[in-house]
Amino acid sequence: MENRSKALNDFVCAKIGYLLNSRDESYVRASLAKLRRGIGKKPGSLPDIWEFALENLPEEFFSRTDEPTHAEWAAHMAITLFALHQQGKNPRENPMSVLGEPLGSAVRMLKIRRGESAEQAIKRRFDAVVTSDSPEELAHHLRGLIQLLKSEGIPLDYPQLAKDLFQFQKPESRDSVRLRWGQDYYKIRKDKETDGQ
């Protein structure tokens with residue numbers, strides 16, 4: 001599974017990297033707007049975003065049935081949620097996809113920035129994400145969390161999120177993803193936290 005996770009990570013990294021580094025600002029804005037319309041929708045249901053969610057996806061990830069694979073869901077969710085997170089921000093000056101910023105750490109930074117009064121509400125949203133039972137439910141709860149991260153300008157590692165979402169959909173690896181998210185949420189990283197205040 002590690003090779004498949006890495007291939008998915010690389011795919012999402014390339015797609016987001018292309019958007020972050022493109023000099024064609026109108027193309028990037030239009031592409032991000034198209035991608036945002038795909039949040040919470042089934043992979044493949046919007047032909048406008050196939051080039052981002054399916055083009056160059058390793059063939060091993062393609063569905064052989066009428067239902068999207070775990071990899072198709074993971075790539076679709078990561079790329080469409082990135083589009084929401086990047087909305088209103090210049091991709092080259094203020095990228096919202098930053099390697100090394102996993103979900104739990106980003107949510108912890110959100111808790112720090114919002115203060116004690118918001119801690120319980122943020123934890124409830126995070127708990128809703130980690131206890132989701134379906135890709136649709138996961139996308140729904142992640143959307144709310146991403147909107148909060150966006151409002152505070154806190155970036156997220158979207159290629160890593162895609163790997164996590166891929167593994168989260170598999171019952172045998174779901175708890176290990178939950179554990180990693182929880183560890184990142186509670187881990188103390190003083191260097192970043194003191195710089196972020």
Side-chain angles (χ1 to χ4, degrees), residues 5 8-9 12 16 32 35-43 68 70-89 94-197:
S5 294
L8 184 63
N9 178 296
V12 171
I16 289 175
L32 292 173
L35 285 166
R36 285 191 296 274
R37 290 194 292 275
I39 296 172
K41 295 196 170 56
K42 199 176 209 180
H70 296 316
E72 288 171 322
W73 266 111
H76 178 87
M77 278 192 277
I79 293 167
T80 57
L81 289 168
F82 161 74
L84 172 66
H85 203 161
Q86 193 62 54
Q87 184 179 20
K89 294 174 175 53
N94 195 8
M96 288 294 106
S97 183
V98 174
L99 299 180
E101 295 296 334
L103 182 63
S105 296
V107 175
R108 182 187 65 245
M109 183 58 69
L110 176 67
K111 175 184 75 166
I112 291 166
R113 289 211 186 145
R114 291 275 173 109
E116 286 184 34
S117 62
E119 186 172 348
Q120 289 302 327
I122 290 168
K123 182 66 168 62
R124 272 194 306 277
R125 283 185 184 246
F126 192 40
D127 289 350
V129 169
V130 300
T131 59
S132 296
D133 289 326
S134 70
E136 295 89 347
E137 183 184 3
L138 189 54
H140 171 76
H141 291 303
L142 272 170
R143 179 183 195 149
L145 209 47
I146 297 305
Q147 287 172 322
L148 291 176
L149 293 174
K150 174 186 167 190
S151 70
E152 294 292 335
I154 299 169
L156 183 60
D157 185 335
Y158 279 92
Q160 178 62 50
L161 181 65
K163 281 175 52 175
D164 290 347
L165 296 174
F166 175 63
Q167 294 170 350
F168 190 87
Q169 294 174 77
K170 298 174 179 289
E172 68 274 12
S173 57
R174 184 172 296 150
D175 284 344
S176 65
V177 175
R178 285 178 176 145
L179 175 62
R180 190 169 54 256
W181 285 348
Q183 289 168 336
D184 289 337
Y185 180 76
Y186 286 105
K187 193 184 311 177
I188 297 173
R189 287 174 54 191
K190 293 184 184 204
D191 57 328
K192 293 205 178 228
E193 290 172 4
T194 54
D195 291 345
Q197 286 184 331

Please find the pair of heavy atoms, one from [X] and one from [Y], that lie closest to each other, and give the distance.
X	Y	answer
Ala78	Ala162	CB-CB, 3.7 Å
Thr80	Gly38	CG2-C, 3.9 Å
Tyr186	Lys123	OH-CE, 3.2 Å

Closer than 3.5 angstrom, by distance alone: can the side chain of [X] be matched with the main-chain N or O of [Y] as a donor-acceptor pair?
X	Y	value
Ser105	Glu101	no
Glu152	Leu148	no
Gln169	His70	yes
Asp157	Gly100	yes
Gln167	Glu172	no

Rounded to the nearest 0.5 Å, what's the gap from [atom1] on [X] to [atom2] on [Y]? Could you check?
X	Y	atom1	atom2	result
Phe82	Ile39	CZ	CD1	11.5 Å
Lys187	Arg180	NZ	CZ	10.0 Å
Leu145	Gln147	CG	CD	10.0 Å
Ser97	Ile79	OG	CD1	10.0 Å
Lys42	His76	NZ	NE2	11.0 Å
Asp164	Arg178	CG	CZ	12.5 Å

Exceeds 12 heavy-atom contacts within 6.0 angstrom, atom NE2 of His140: no
Whether over 12 other heavy atoms sit under 6.0 Å from Arg125 CZ: no
Lys150 and Met96, any side-chain heavy atoms less than 4.5 Å apart: no
Student check: side-chain heavy atoms of Leu138 and Val129 closer than 4.5 Å: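 In short, these two side chains touch, coming nearer than 4.5 Å.
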Aromatic plane relationship, Phe126 with Trp181 - under 30° parallel, 30 to 60° tilted, over 60° perpendicular: tilted
Residue pair Ser151 / Arg113, side-chain donor-acceptor N/O under 3.5 Å: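 Side-chain D/A pair, Ser151 to Arg113: absent.
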